[in-house]
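All values derive from a computational prediction rather than experimental measurement. Order of listing sets the numbers, starting from 1, for every ligand and every atom in it.
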Amino acid sequence: MNEPREESEIDPTRTPRRNPFRSTYWRSPLRGPWLTSVLGLVLLVGLTLVFVTGLLSYAAYNPWLGGRFNDTTPDKGVLGFYLFTWPTRPVWLYQLTQGIHVLVGLALVPVLLAKLWSVIPKLFTWPPVTSPAQAIERASLLLLVGGAFFEFATGIINIQYWYVFPTGFYAAHFYGAWVFAGALAVHVAVRARTVVTALRSRRLRTELRTRLVDTRPEPPDDHGLVAPNPEPPTMTRRGLIALVGGGSLLVLVLTIGQTIGGPLRRLALLAPRGGVQGTALDDFPVNKTAAYRGITAAQTGPDWRLHVVGRRGLRLSRADLLALPQYTERLPIACVEGWSTVQDWTGVRLRDLADLAGVPESDLASAFVESLQRGGGFGTANLATNQVLDPRSLLALRVNGADLSLDHGFPARVIVANGPGVHNTKWVSAMTFRT
Ligand SMILES: Nc1nc2c(c(=O)[nH]1)N[C@H]1C(S)=C(S)[C@@H](COP(=O)(O)O)O[C@H]1N2
Ligand SMILES: [Mo]
C-alpha cells in the first residue's frame, strides 16, 4: 500500500514506542502536504480578509483625531502609515467590514485547529534544530503560531466582553496583528513552492469522491508530515473536510444573526449581543446599560441641558432640541465587537448644532462629544469634519418613532453615518465644535 521509509528505526510490523519525538508516533493516514496545503490556503485567504478588515476597523476610529480619546494605541509609528479619514458613506460600510472581520475570524477557528493538527508532528521534531536556517524558520513559526493564538484569543475574549487586557485590547490586538502578518508573510514565502506542488499532487474533486476503502496516505514526503507507518484510515479526506467545514458553518450560523439581524438574531447563541433587549420600539441590543454606566433618572430628567460650545455657548433643553428641525435617518449601529443593528433615528443634524454654536462649515475642524458618564470608557468621542457635516449624522432624540429609552441614550445620543458604534455616544451632555 505504501512503502515503509528506509530509516532503520522504522519497522512497520513493530508497535511503535509511545514517544511523540519519534516519527512513528504519529499515525494518521490523512496527514500530508496536500491536506496541510488545502487548509493553509483556506487560512491564507481568510486571514488576509481578517487582517485587512482589521486595519480598516482601526482606521474607522479616526485615530489621528485628538489622540487619547479615539486611540489607545500609542506609538504606532509607521504601522499607522495607511490611515485615512474614514468616509461617512456608504453608511453600511463599517457594518460590513467589521461584520466580516469578526465572522470570518470566528469561522476560521475550526480551520486553524485542523491546520495545527495536520502539522503537529513537526512540533516534536527531534533534534529541534539542525541548521541555522532551520533555527530561523522555527523561530518564525513560533511567531506565526503564537501570533495566531494571541490574535484569536484576544479577539474572542473581546467580543465576549471579557475585558482583561492590562494594556487595553486595541493596542494588544493591533501590534499582535502586525507580528502575525509579518510571520505569515515569511511562512508563505518559505512554503509557496511546496504548497503549489502539494496542491497539484491531488485533485480536490477526486478526494471529495473517494470512499474510505480507497483512502490512501499521501506518498512519503521529506517534510515529516506523512506518517511512515500509518494506521488504516477511519475517516476519508472528504469526511475530514466536511467536519472542519461543518464546524465553520455551525459557528457562522450561531453568530451571523448578531450582524445581519432578522430572525437569525435569535440563533446567534455564541454572540453575547445576539438576542434582543428593550421595549417593542427599541427592541435592539443595548451594549452598556444606563445602570452599568451609573446613569440615573435624575441626571436625565427635566434639568438636563445639552451644552453646545463653539464660537458661542448655548444650553439647550430636550424641548429646545425637539423644536429644531428634525430629520429621520435609517442608520446602523455597528459595534467593533461585530454585532450591528439598523434603526430609524430622529433628531437634530450635527451640522445644525455646529451652526448654532457659530461654527460655519468652512471653519469646522472636529467635534468633541461628552456624556453624563463619569469614567468607565466610551463616554467621550472625537468626530471628524466629514462626520459632523454629513447631513445624516444626528443627535438622536427618538428611535423608530418613540423617545429613546434610557438604555439607548435618553435624553440624546449621537448617531454618526458609517461610524464605529463606540462613537455613537449615549447620554450626551456636551458638544464642542472646534475650529
Ligand atoms: N456614554 C456612552 N456611550 C456609548 C457607550 C458607552 O458605554 N457609554 N457604548 C458605545 C458602544 S461601544 C456602542 S456599540 C453603542 C451601542 O449603542 P446601544 O447600546 O444603544 O445599542 O453605544 C456607544 N455609546
Ligand atoms: Mo461598541
Distance-only check: which donor-acceptor pairs under 3.5 Å involve side-chain atoms of residues 40-54, not counting sequence neighbours?
residue	atom	partner	partner atom	Å
Thr48	OG1	Leu44	O	2.6
Thr53	OG1	Leu49	O	2.7
Thr53	OG1	Val50	O	3.1
Thr53	OG1	His101	ND1	3.3

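- Across Leu397 and Pro411, no two heavy atoms sit closer than the pair CD2-O, 3.6 Å.
- Screening Tyr94, Tyr170, Phe84 against Tyr61 for a ring-ring contact (aromatic ring centres under 6.0 Å, His included) leaves a single residue, Tyr170.
- Annotation: cation-pi pair Arg200/Trp34 absent, no NZ/CZ under 6.0 Å from the ring centroid and within 45° of its normal.
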Inventory of protein N or O atoms under 3.5 Å from ligand 1 N or O:
residue	atom	partner	partner atom	Å
ligand 1	1 (N)	Ser371	OG	3.4
ligand 1	1 (N)	Gln373	OE1	3.0
ligand 1	1 (N)	Lys426	O	3.2
ligand 1	3 (N)	Phe378	O	3.4
ligand 1	3 (N)	Lys426	N	2.9
ligand 1	7 (O)	Arg293	NE	2.8
ligand 1	7 (O)	Arg293	NH2	3.0
ligand 1	8 (N)	Gln373	OE1	2.6
ligand 1	8 (N)	Phe378	O	3.4
ligand 1	17 (O)	Arg413	NH2	3.0
ligand 1	19 (O)	Asn287	N	2.8
ligand 1	19 (O)	Lys426	NZ	2.5
ligand 1	20 (O)	His408	ND1	2.7
ligand 1	20 (O)	Arg413	NH1	2.6
ligand 1	21 (O)	Pro285	O	2.6
ligand 1	22 (O)	Arg413	NH2	3.2
ligand 1	24 (N)	Asn424	O	3.0

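- For an aromatic pair to be called close, the ring centres must be under 6.0 Å apart, and Trp345 with Phe284 satisfies this.
- With respect to Asp407 and Lys288, no salt bridge is recorded, no charged nitrogen being found less than 4.0 Å from a carboxylate O.
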